[in-house]
Amino acid sequence: MSKNNIDASEQQNPNRRSKRFWKLTGVLILVAGLFVLLIPTWDSIAVESIRCKVVSASPNTNSGGSRGSASSAGVLVETSNCGTISISQGITFENQQEISSSFEIGKDYEFDIGWFSRVVMKDLRSGIPSAHDYRLVR
């Protein structure tokens, strides 16, 4: 009888491990999905103004979605002390050239950047922080 109990537990063990593996995988997928869905919220909390000296600004088209099917207008601002900053709020394909040429090269601007862009995107190799708002410092 003890031999049968050992055989039965050995047969159930791989099945239990498999169920635990798939449960853990499901939880990790849910956490990753929640993380992605909350990015806009995380970027709207703890917004800080950062002062940067503008080197250049140019119109940019941001692509997203599957196979780049969704495009949005933006402006990429190169700075000497803050790196590259993306601006997309309030930017349309009709006004992006006008807005990019309105930046005064060599002048200081304050960019309002949220927590996600400031902390997480800074640590990513290709991450470009996104500014909520900007203004010329006089």
Side-chain angles (χ1 to χ4, degrees):
M1 185 165 202
S2 64
K3 185 178 178 186
N4 288 341
N5 287 341
I6 293 172
D7 290 339
S9 67
E10 285 178 7
Q11 289 174 354
Q12 289 177 354
N13 220 6
N15 195 19
R16 281 187 195 160
R17 283 188 216 147
S18 177
K19 285 182 181 179
R20 285 183 188 159
F21 170 78
W22 287 111
K23 284 181 182 179
L24 180 62
T25 301
V27 168
L28 290 175
I29 289 171
L30 286 173
V31 168
L34 186 62
F35 178 81
V36 169
L37 288 174
L38 290 177
I39 287 174
T41 302
W42 288 345
D43 207 33
S44 66
I45 60 173
V47 175
E48 290 183 10
S49 293
I50 299 174
R51 189 179 215 160
C52 306
K53 187 176 290 292
V54 172
V55 175
S56 69
S58 60
N60 183 46
T61 300
N62 304 314
S63 295
S66 61
R67 293 184 231 136
S69 60
S71 297
S72 61
V75 173
L76 277 183
V77 180
E78 296 287 336
T79 67
S80 61
N81 53 340
C82 302
T84 303
I85 298 173
S86 173
I87 302 169
S88 59
Q89 291 184 353
I91 310 290
T92 64
F93 288 108
E94 290 78 30
N95 70 5
Q96 75 181 137
Q97 182 64 45
E98 178 185 342
I99 290 174
S100 67
S101 61
S102 72
F103 280 91
E104 297 180 33
I105 306 306
K107 298 285 185 172
D108 286 337
Y109 282 80
E110 279 188 354
F111 295 91
D112 297 335
I113 300 177
W115 175 84
F116 184 83
S117 287
R118 202 175 59 256
V119 175
V120 178
M121 295 301 284
K122 177 182 175 185
D123 291 338
L124 297 175
R125 198 172 284 265
S126 63
I128 297 175
S130 188
H132 292 273
D133 200 8
Y134 63 94
R135 64 204 147 277
L136 178 64
V137 176
R138 301 253 178 218

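Index from 1, following the sequence.
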Interatomic distance, CD1@Ile99 vs CD1@Ile91, rounded to 0.5 Å, equals 3.5 Å
With sequence neighbours left out, the residues meeting side chain to side chain contact (heavy atoms under 4.5 Å, CB included) with Thr79 are Cys52, Val77, Asn81, Cys82, Ile85, Phe111
Residue set satisfying ring pair (Phe, Tyr, Trp, His ring centres under 6.0 Å) with Tyr109, at least two apart, ordered chain then number -> Phe103
Could you give the side-chain donor-acceptor pairs of residues 20-37 under 3.5 Å, partners two or more places apart or in another chain?
residue	atom	partner	partner atom	Å
Thr25	OG1	Phe21	O	2.8

Looking only at heavy atoms, the pair that brings Val75 and Ala57 closest together is CG1-CB, 4.3 Å
* Is Ile113 reachable from Phe116 through a run of I, L, V, M, F, W or Y residues, each pair having side-chain heavy atoms under 4.5 Å apart? -> no
Residue pairs passing the salt bridge (charged side-chain N to carboxylate O under 4.0 Å, His left out) test with at least one member in residues 127-138, sequence neighbours excluded, are Glu110-Arg135, Asp112-Arg135
Using a 4.5 Å side-chain heavy-atom cut-off and chaining through intermediate ILVMFWY residues, the residues clustered with Val55 come out as none
Between Gly74 and Gln96 the two heavy atoms that sit nearest each other are O-NE2, 2.9 Å
For Asp108 and Leu136 the tightest heavy-atom approach is O-CD1, 3.5 Å
Output for pair (Asn60 CG, Thr84 OG1), nearest 0.5 Å, gives 10.0 Å
- Does Ile50 belong to the same Ile/Leu/Val/Met/Phe/Trp/Tyr cluster as Tyr134, with side-chain heavy atoms less than 4.5 Å apart forming each link? yes
Closest non-hydrogen contact found for His132 with Gln89 is O-OE1, 3.2 Å
- Task: Step through the shown structure and confirm whether more than 12 heavy atoms of other residues, nucleotides or ligands are within 6.0 Å of CD on Glu104.
- Result: yes
Worksheet entry | Donor-acceptor under 3.5 Å (Ser117 side chain, Ser130 main chain) | yes
By side chain to side chain contact (heavy atoms under 4.5 Å, CB included), Thr92 pairs with (sequence neighbours left out) Glu94, Asn95
